Amino acid sequence: MDLDLLERTLTELGEPAYRLRQVWQWTAAGADSYQEMTNLPQALRGALTAAVPFSTLTVQSEARAADGTVKVLMRTADGRPLEAVLMRYRDGRHSLCLSSQSGCPLTCTFCATGQMRFGRNLSAWEILDQALYFRRLTPVDHCVFMGMGEPLMNLDAVLAACQRLPDLGISSRHTAISTVGWIPGIDRLAAQPLPLRLALSLHAASAELRSTLMPVNDRYPLPDVLAACERFYARKRRRVFVEYVMLAGVNDSVGQARELAAILDPTIFKVNLIPYNPTGTGLQGSAPGAIAAFAAELERLGLSATVRLTRGREIAAACGQLAAGAVAA
Ligand code: SAH
């Protein structure tokens, strides 16, 4: 819902200021349409239905996995594709994975989004409408910006959306922004007041390998990125999650675990190892034994390391696969 358009429309209709708040309260609580908003006059509900689209996005397709994961492919009003995912965990968490851009200008070699054409930044309302779609299905409490795009290249819109996520039930402490290491964005995130979490996609400790996997490493080299994360920690006192996607024979040896441990301060960083979802790039995911050995070596060297639970595999809902459906569509 474009709340700027809503506000202008309410003003033009001569409505009192509190109407905006009323409409947003219903919407954030998961209402399906203006018609449900029983404290608005019937005529106003009709006028809003005609003038302000209930969502800025239209759903093109939806896939549901046996584990409760729901993935939607959506289009913006100008036809740009994007995807968003709801993950239900056994501990009761309902976590959303949101996109910040349609496509992505960075070209990480292992990532499906990196292989598609960049469209544009999404607006705050387009980001929020992904979350609202799922809020209409179920209560939600966690959110990660790990869908399409680089959130720190679209930080104004991401922050504007994050300001409103608590109204849907997702606190800033339960919201994580994931980045390739876009340094100006990390510093801006540290300087703004919301207690958002930072996650860094690291993937290789050596400069040469990291630049091969993530060309952005030439622009923002890892040592500078880690220094920015340390500034973030100094300011926010929130530990930074390191994401490390496990690629067979590429970055998954025990020696590479040692290289990783050597550059990370365990008081600041926690490592999350990500089983790779093959996306037709030629790269293969590491075997479970290799992931376990890598994690054990990190733990031995004093770092906290977890292995990400895989959700929604059969509907290609996992990270980095989100673009596949959109390209085919
Ligand atoms: N641009 C941001 C956010 C989007 S990607 C970033 O790079 O952090 C979210 C995470 O999914 C990143 O850690 C990314 O490396 C990972 N990812 C990408 N493709 C993947 C794949 N095919 N399998 C597993 N993880 C993948």
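Each ligand, and each atom within it, is numbered from 1 in the order the structure gives. Positions are given from 1, in the same order as the sequence printed here. Because the structure is a prediction, the values reported are computed rather than measured.
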Enquirer: With a cut-off of 4.0 Å, which atoms of ligand 1 are near a heavy atom of T279?
Expert: 22 (N)

Enquirer: Which heavy-atom pair separates R136 from S55 by the least distance, and what is that distance?
Expert: NH2-CB, 4.4 Å

Enquirer: Residue-level breakdown please: for F145 versus ligand 1, do any non-hydrogen atoms fall below 4.0 Å on the side chain, on the backbone, on both, or on neither?
Expert: backbone

Enquirer: Which ligand 1 atoms does C111 reach within 4.0 Å, using its non-hydrogen atoms?
Expert: 18 (C), 19 (N)

Enquirer: Do the side chain of R80 and the main chain of M74 share a donor and acceptor less than 3.5 angstrom apart?
Expert: no

Enquirer: Where do K71 and E62 land on the salt bridge (charged side-chain N to carboxylate O under 4.0 Å, His left out) test, with the steps shown first?
Expert: CA-CA 6 Å; K71 176 176 86 161; E62 189 191 88; over 6 Å; no

Enquirer: Would you mind telling me if ligand 1 is within reach of the side chain of E243, the backbone, both or neither, using heavy atoms under 4.0 Å?
Expert: side chain

Enquirer: Is any side-chain N of the basic residue among R235 and E230 closer than 4.0 Å to the acidic one's carboxylate O?
Expert: no

Enquirer: Measure L200 to ligand 1 on non-hydrogen atoms and call it side chain, backbone, both or neither using the 4.0 Å cut-off.
Expert: neither

Enquirer: Please check whether G149 reaches ligand 1 - meaning an N/O of the residue sits under 3.5 Å from an N/O of the ligand, judged on distance alone.
Expert: yes

Enquirer: A cation-pi test, strictly: NZ or CZ of R93 under 6.0 Å from the centre of the six-membered ring of Y89 and no more than 45 degrees from its axis. Yes or no?
Expert: yes

Enquirer: Using heavy atoms and a threshold below 4.0 Å, how should the contact between N277 and ligand 1 be classified: side chain, backbone, both, or neither?
Expert: both

Enquirer: Between D2 and R8, does at least one N-O distance fall below 4.0 Å, as a salt bridge requires?
Expert: no

Enquirer: Can you tell which of G147, S178, S100 gets a heavy atom nearest to atom 4 (C) of ligand 1?
Expert: G147

Enquirer: Using a 4.0 Å cutoff against the non-hydrogen atoms of V245, which atoms of ligand 1 qualify?
Expert: 24 (C), 25 (N)

Enquirer: Please give me the minimum heavy-atom distance between L273 and M246, naming the atom from each residue.
Expert: CD2-SD, 3.9 Å

Enquirer: Check M148 against ligand 1 and report side chain, backbone, both or neither, counting heavy atoms closer than 4.0 Å.
Expert: neither

Enquirer: So, regarding S201 and ligand 1 (criterion: nitrogen or oxygen to nitrogen or oxygen, under 3.5 Å), is there a contact or not?
Expert: yes

Enquirer: Give a yes/no verdict on whether any heavy atom in H203 is under 4.0 Å from an atom of ligand 1.
Expert: yes

Enquirer: Under 3.5 Å, is there a donor-acceptor pair linking the side chains of T179 and Y220?
Expert: no

